[in-house]
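What follows is one structure encoded as structure tokens, with my remarks underneath.
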Amino acid sequence: MKMLTSSCPGPGRQESAARRRLAANARERRRMQGLNTAFDRLRRVVPQWGQDKKLSKYETLQMALSYIMALTRILAERDWAAAHCEHFGRDHRYLPALAAAKLPGEPEPYGQRLFGFQHEPFPMAS
DNA sequence: TAGGCCATCTGGTCCT
DNA sequence: AGGACCAGATGGCCTA
């Protein structure tokens, strides 16, 4: 059987192109599903203070950024405390209680303020 | 009904 | 050649 070449467009070639396109669509769907799974996993580890609605992808990225920066700050503060106060340096049990604590006059817990989602848009190419 | 968010399709580009 | 990744287009769903 003669092989079809580019100089010989025919039904067989069209069929093959259609099959490849369908396969590419399926791969793309799987790829996007993988991406969405990753977003769901990220949503689960990122704080969602009182948010009943799930974060959008954009908000999830923003929140992850705020969260990482807050954790970095905590580590830096802890290092500072460890260097200056032996008790803080050794005992980490105070952290959850501290995060849930409401300081007098503050409307929200310390942790919420620390990790709070700040809507600072990424610079978008215009 | 307009606007936001999302899933899917599609064609282009790069890499193996 | 085929797969991965990307960005644009399109249409559906939901909410204010």
Side-chain angles (χ1 to χ4, degrees):
Chain A
M1 182 180 173
K2 187 170 186 283
M3 291 295 284
L4 295 166
T5 66
S6 57
S7 62
C8 177
R13 188 164 186 84
Q14 275 185 341
E15 196 180 314
S16 150
R19 201 156 13 88
R20 280 205 311 277
R21 191 59 260 179
L22 286 179
N25 290 349
R27 278 196 307 276
E28 179 65 7
R29 236 176 292 135
R30 279 197 300 275
R31 194 182 71 84
M32 294 309 293
Q33 281 162 6
L35 193 59
N36 289 335
T37 301
F39 266 106
D40 284 338
R41 291 176 66 190
L42 191 55
R43 271 188 201 101
R44 280 199 290 275
V45 298
V46 139
Q48 263 189 285
W49 305 96
Q51 280 264 357
D52 46 347
K53 197 161 88 35
K54 92 170 187 183
L55 296 175
S56 72
K57 293 176 180 179
Y58 177 73
E59 288 167 339
T60 302
L61 288 179
Q62 291 273 45
M63 180 59 88
L65 180 61
S66 299
Y67 191 36
I68 290 168
M69 288 171 68
L71 292 176
T72 302
R73 210 176 90 198
I74 285 178
L75 286 180
E77 285 173 1
R78 203 198 65 182
D79 286 349
W80 183 90
H84 293 81
C85 172
E86 203 179 336
H87 172 74
F88 268 34
R90 285 221 196 100
D91 187 358
H92 301 163
R93 285 169 301 177
Y94 76 96
L95 274 175
L98 179 62
K102 259 192 201 170
L103 303 178
E106 293 286 347
E108 54 198 9
Y110 173 73
Q112 180 168 353
R113 203 152 44 80
L114 196 60
F115 297 131
F117 172 58
Q118 277 130 43
H119 197 276
E120 293 169 24
F122 295 123
M124 308 278 258
S126 51

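Letters A, B, ... are given to chains in the order of the sequence lines, protein chains preceding strands, and every chain is numbered from 1.
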Checklist entry - Could you give all pairs that pass the salt bridge (Lys or Arg N to Asp or Glu O under 4.0 Å) test and reach residues 32-42 of chain A, with sequence neighbours left out? => result A:Asp40-A:Arg43

Checklist entry - Phosphate oxygens OP1/OP2 of C:dC14: is one of them under 4.0 Å from a side-chain N or O of A:Lys54? => result no

Next on the checklist: Does B:dT10 have its OP1 or OP2 closer than 4.0 Å to a side-chain nitrogen or oxygen of A:Asn25?
Outcome noted: yes

Next on the checklist: Let's go through A:Lys54 and A:Thr60 carefully: what are the C-alpha distance in whole Å and the side-chain angles of both, what is the deciding distance for side chain to side chain contact (heavy atoms under 4.5 Å, CB included) to 0.1 Å, and is it a yes or a no?
Outcome noted: CA-CA 9 Å; A:Lys54 92 170 187 183; A:Thr60 302; over 6 Å; no

Checklist entry - For A:Asn25, which residues count as a side chain to side chain contact (heavy atoms under 4.5 Å, CB included) partner, sequence neighbours excluded? => result A:Arg21, A:Leu22, A:Arg29

Checklist outcome for this item: side chain to side chain contact (heavy atoms under 4.5 Å, CB included) filter on A:Ile68, not counting sequence neighbours, yields A:Thr72

Rounded to the nearest angstrom, tell me the gap between atom [atom1] in [X] and atom [atom2] in [N].
X	N	atom1	atom2	result
A:Arg21	B:dC9	CZ	P	9 Å
A:Leu22	C:dG2	CG	P	14 Å
A:Arg19	B:dC9	CZ	C1'	19 Å
A:Leu55	B:dG4	CG	P	18 Å
A:Lys53	B:dG4	NZ	P	12 Å
A:Gln62	B:dG4	CD	P	16 Å

Item to check | Heavy-atom side-chain proximity of A:Leu42 to A:Met63 below 4.5 angstrom | outcome: no

Checklist entry - Is any side-chain heavy atom of A:Phe39 closer than 4.5 Å to a side-chain heavy atom of A:Leu61? => result yes

Next on the checklist: With the threshold set at under 4.0 Å for non-hydrogen atoms, list the residues of residues 26-34 of chain A touching DNA chain B in residue-number order.
Outcome noted: A:Glu28, A:Arg29

Next on the checklist: Is there a path of hydrophobic side-chain contacts, each under 4.5 Å between heavy atoms of I/L/V/M/F/W/Y residues, joining A:Leu71 to A:Leu55?
Outcome noted: yes

Item to check | Residue list, side-chain hydrogen bond (donor to acceptor under 3.5 Å, both in side chains) with A:Arg27, at least two apart or on another chain | outcome: none

Nucleotides 13-16 of chain B: which of its N/O atoms have a protein N/O under 3.5 Å away?
none

Checklist entry - Does A:Arg20 get its side chain close enough to the base of C:dG2, under 3.5 Å, for a donor-acceptor pair? => result no

Item to check | Residue list, salt bridge (charged side-chain N to carboxylate O under 4.0 Å, His left out) with A:Arg31, at least two apart or on another chain | outcome: A:Glu28

